[in-house]
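Below: the structure, in structure tokens.
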Amino acid sequence: MSPVRAAGLGAVPALEPLSYPGRPVAEPALLCGETLLPLTAVPGPHRTGGWRLGTDPDRTLDDALRERGLPPTGRRHPVLAVGSNASPAQMSYKLARQGVPAAVPMVPVRVRGIGVGSSAHIATPGYVAAAPFADPGSEVTLVAGWLDEAQLAVVDATEARYHRVLLPGDRFPMTLPSGERLGGAYLYVSRYGVLAGPDGRPWPAVAQPALLAALLAGSAALRRLLGPDPRAWVRRAAADGAVRAEARQVFRAEGRVLPQPDFTPYVDDDAEVLTYDDLPPIGGGAGLRGSPTRGD
């Protein structure tokens with residue numbers, strides 16, 4: 001992989017902070033290293049593992065994973081991304097640097113009840129990462145990645161400032177391109193809450209340069225600490241953990257932090273981690289095929 005860009009996948013936000021959150025997948029695909037292989041959703045009785053890989057009607061997603069000696073979808077964990085985990089460049093980078101195979105099904109999903117804001121902290125690379133907030137009236141498109149056990153461990157380690165919670169599909173409807181409604185999926189929720197905008201509501205996620213410029217314009221304390229511009233912000237923040245911690249204190253002191261108590265009932269860091277097979281789809285899921293059982 002290039003030190004900055006994965007071939008054809010765009011910038012890696014961990015290495016180019018102002019590119020955050022990176023380029024998300026726009027259509028269902030299987031990430032294989034630095035390559036995206038298109039997936040064709042199969043409506044009807046098939047779950048994601050039975051979707052077609054490319055245009056071959058006889059080759060499924062699970063076939064492709066098994067060919068690589070990797071767990072099929074049924075033994076993977078569906079994880080929703082609100083930020084850079086939706087970017088195949090970032091996901092490939094995270095996994096490759098830990099020596100874990102970067103073979104991840106990535107699928108846009110329509111999700112109700114979730115909005116996308118900005119976490120009330122600065123990430124190690126210097127950007128202000130995205131974070132979800134509860135919003136009953138919202139419907140957004142997020143990207144779900146089907147992570148195996150080793151991949152989930154790698155991603156968890158990069159999300160230490162978040163709780164990984166299991167969202168129930170009946171409370172937060174999640175619909176795949178095939179029409180399947182997920183029974184549940186994991187989501188990373190900020191431990192620090194989300195930033196409030198000038199109107200007191202969660203600050204909607206915007207391009208990183210615009211977000212940092214707005215934060216600097218609205219706070220003399222942040223300008224002294226991280227200014228005068230977004231490039232200076234990411235340079236100073238990435239270089240010094242104490243600066244990042246002080247900025248977090250500024251957010252709180254200036255009343256910019258909104259807690260997210262709606263997610264509190266789902267926080268259980270010791271809970272068993274469920275797989276796609278453990279989470280039957282909502283509405284007529286008994287006959288769905290395409291994700292093997294644990295005995296397969």
Using side-chain heavy atoms (C-beta onward) and a distance below 4.5 Å, is [X] in contact with [Y]?
X: Thr73; Y: Arg47; answer: no
X: Pro230; Y: Gln208; answer: no
X: Leu31; Y: Leu95; answer: no

Side-chain donor/acceptor of Tyr162 to backbone N/O of Leu187, under 3.5 Å: no
Check against salt bridge (charged side-chain N to carboxylate O under 4.0 Å, His left out), Glu159 and Arg164: CA-CA 8 Å; Glu159 305 294 346; Arg164 176 169 41 77; over 6 Å; no
Any pair counted as ring-ring contact (aromatic ring centres under 6.0 Å, His included), so long as it reaches residues 131-158, sequence neighbours left out: Trp146-Tyr276
Please output the side-chain donor-acceptor pairs of residues 239-248 that fall under 3.5 Å, not counting sequence neighbours, one pair per line with the distance.
from   : atom 1 : to     : atom 2 : distance (Å)
Asp240 : OD1    : Ala242 : N      : 2.9
Arg244 : NH1    : Ala237 : O      : 2.7

Using residues 115-127 as the side-chain source, report each donor-acceptor pair under 3.5 Å to any protein atom, sequence neighbours left out, with the distance given to one decimal.
from   : atom 1 : to     : atom 2 : distance (Å)
Ser119 : OG     : His121 : ND1    : 2.6
Ser119 : OG     : Ser190 : OG     : 2.7
Tyr127 : OH     : Gln90  : NE2    : 3.4

Connected via hydrophobic side-chain network under 4.5 Å: Leu182 and Phe263: yes
Any residue meeting salt bridge (charged side-chain N to carboxylate O under 4.0 Å, His left out) with Arg59, in chain and number order, not counting sequence neighbours: Glu67
Under the salt bridge (charged side-chain N to carboxylate O under 4.0 Å, His left out) test, residues paired with Arg181 that sit two or more places apart: none
Check: residues 209-216 side-chain donor-acceptor pairs under 3.5 Å, at least two apart:
none

